[in-house]
Participant: 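Quick one: the structure is below, and I'll ask about it shortly.
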Amino acid sequence: MPEGHVIHRLATAHRERFAGRPVRVDSPQGKFADAAALLDGQPLEAAEAWGKHLFLGFAPVGWVHIHLGLYGKVAFGEPPVPRPVGQIRLRLANDDHWSELRGPNTCALRTDEERAAVAARLGPDPLRADADPERAWRRVSTSRSAIGTLLMDQAVVAGVGNIYRAEVLFRHGVDPHRPGREVDRATWTACWEDLVTLMREGVRLGRIDTVRPEHTPEATGRPPRVDDHGGEVYVYRRAGQPCLVCEGPVATAKVAARNLFWCPRCQPR
DNA sequence: AGGGCATGGGCAT
DNA sequence: TGCCCCTGCCCTG
């Protein structure tokens with residue numbers, strides 16, 4: 001379930017389990033074997049998330065740059081380290097913990113400079129203390145592109161995925177098709193601050209919950225829903241179902257090869 | 001058993 | 001715009 005909150009959780013999880021001690025590193029699948037051999041036995045010195053990118057620091061060898069893409073997953077456990085099942089790109093282990101990385105879009109060794117270059121092409125990350133939301137506003141306020149597209153552009157805002165995109169626009173009554181430059185500053189600021197809040201909550205809980213207390217099934221008496229991504233949301237993957245606020249049908253459209261969801265009544269043009 | 005699909009993103013065209 | 005990467009899950013048959 002890799003939006004930015006997952007990656008920040010993974011950074012913390014790696015730090016807690018592996019930082020400061022030598023780590024056994026291998027690549028049972030073999031695709032990362034050469035790098036793993038260089039890293040094996042080195043201590044993990046840092047684990048950082050920038051948007052959806054995870055960097056594991058093994059100075060002086062370098063950084064392991066991980067991007068989960070759509071399918072990637074990391075599993076953790078305690079010894080004994082299980083026999084490899086399926087395709088494990090990267091495996092870490094010490095005497096107390098192990099991890100297995102499967103199906104990543106990216107798993108590569110990077111230099112300091114390469115890591116900085118990846119970070120430099122990303123927009124501000126609502127989950128990072130060093131984020132500069134003005135950079136995002138400059139892009140949004142001068143762009144003819146739809147706000148729904150801009151929010152998914154990692155060079156504008158880093159870490160937002162399809163769920164946070166849909167949900168934050170719903171929460172602020174913004175039609176995803178509205179051009180960025182027609183979004184006023186107050187609305188944008190409210191969206192940014194809401195992303196900070198929602199994504200921090202996502203890090204804390206490990207799931208995406210965006211429904212305000214007054215709209216939960218408990219509060220409204222509506223039947224509870226089951227969301228297969230594991231959280232309570234207003235519009236994401238609820239096409240055709242009644243809006244939790246106005247009861248009109250939630251709309252969906254394929255935009256830039258991604259499913260977009262919104263409520264036409266609550267988010268008018 | 002097999003197809004479709006998914007919370008991403010780089011790249012060719 | 002669409003293909004590829006290459007995993008897991010859910011549905012159909």
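All chains are named by letter (A, B, ...) in the order of the sequence lines, taking the proteins before the strands, and each is independently numbered beginning at 1.
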Participant: Any luck finding a side-chain donor-acceptor pair between A:Thr197 and A:Asp194 under 3.5 Å?
Facilitator: no
Participant: Out of B:dT7, B:dG8, C:dC6, which has the shortest distance to the side chain of A:Lys31?
Facilitator: C:dC6
Participant: Rounding to an integer number of angstrom, what distance separates B:dG10 and C:dG8 when you compare their C1' atoms?
Facilitator: 22 Å
Participant: When both hydrogen-bonding distances must be under 3.5 Å and the geometry is Watson-Crick or G-U wobble, what is B:dG8 paired with, if anything?
Facilitator: C:dC5
Participant: Phosphate oxygens OP1/OP2 of B:dT7: is one of them under 4.0 Å from a side-chain N or O of A:Arg258?
Facilitator: yes
Participant: Rounded to whole angstrom units, what separation is found between the CG atom of A:Asn105 and the C1' atom of B:dG8?
Facilitator: 6 Å
Participant: Calculate the interatomic distance between A:Leu260 atom CG and B:dG8 atom P; express it in whole Å.
Facilitator: 13 Å
Participant: Could you check how far CZ of A:Arg165 sits from C1' of B:dT7, rounded to whole Å?
Facilitator: 11 Å
Participant: In whole Å, measure the gap between the P atoms of B:dG4 and C:dC3 for me.
Facilitator: 13 Å
Participant: If you measure from the Lys or Arg side-chain nitrogens to the Asp or Glu carboxylate oxygens, is any gap between A:Arg91 and A:Asp40 under 4.0 Å?
Facilitator: no
Participant: May I ask you to check if A:Arg17 and A:Phe76 form a cation-pi contact, with NZ or CZ under 6.0 angstrom from the six-membered ring centre and within 45° of the axis?
Facilitator: yes
Participant: Between A:Leu68 (CG) and C:dT7 (C1'), how many Å, whole number?
Facilitator: 12 Å
Participant: Rounded off to whole Å, could you give me the CG-to-P distance for the A:Leu151 and B:dG8 pair?
Facilitator: 12 Å
Participant: Cationic tip of A:Arg115 within the cone over A:Trp63's six-membered ring, i.e. under 6.0 Å and within 45° of the normal?
Facilitator: yes
Participant: Looking only at atom P, what distance separates C:dG13 and B:dC5, rounded to whole Å?
Facilitator: 14 Å
Participant: Would you say A:Lys254 reaches C:dT1's phosphate, i.e. side-chain N/O to OP1/OP2 under 4.0 Å?
Facilitator: no
Participant: Thinking salt bridges, do A:Glu134 and A:Arg139 make one under a 4.0 Å N-O criterion?
Facilitator: no
Participant: How many Å lie between CG on A:Leu70 and C1' on C:dG8, as a whole number?
Facilitator: 11 Å
Participant: Can you tell whether the side chains of A:Arg21 and A:Glu16 come within less than 4.0 Å, N to carboxylate O?
Facilitator: no
Participant: I need the CG-P distance between A:Asp125 and B:dG8, as an integer number of Å.
Facilitator: 14 Å
Participant: Identify which nucleotide among C:dC5, B:dT7, C:dG8 has an atom closest to any side-chain atom of A:Lys73, counting heavy atoms from C-beta outward.
Facilitator: C:dG8
Participant: What is the distance, rounded to the nearest whole Å, between atom CD1 of A:Ile163 and atom P of B:dT7?
Facilitator: 8 Å
Participant: Given B:dA6, B:dG10, C:dT7, identify the nucleotide with an atom nearest to the side chain of A:Arg121.
Facilitator: B:dG10
Participant: Below 4.0 angstrom from OP1 or OP2 of B:dA6, is there any side-chain N or O of A:Arg237?
Facilitator: no
Participant: For the side chain of A:Tyr71, starting at C-beta, report the closest nucleotide among B:dG9, B:dT7, C:dC5.
Facilitator: C:dC5
Participant: Taking OP1 and OP2 of B:dG8, is either one under 4.0 Å from a side-chain nitrogen or oxygen of A:Gln154?
Facilitator: no
Participant: Taking only side-chain N and O atoms of A:Tyr236, does any of them lie within less than 4.0 angstrom of OP1 or OP2 on B:dT7?
Facilitator: yes
Participant: Would you classify A:Asn162 as touching base, sugar-phosphate or nothing, given that sugar-phosphate means primed atoms plus P, OP1 and OP2, and contacts are heavy atoms under 4.0 Å?
Facilitator: sugar-phosphate
Participant: OP1 or OP2 of B:dG8 versus the side-chain N and O atoms of A:His67: is any pair under 4.0 Å?
Facilitator: no
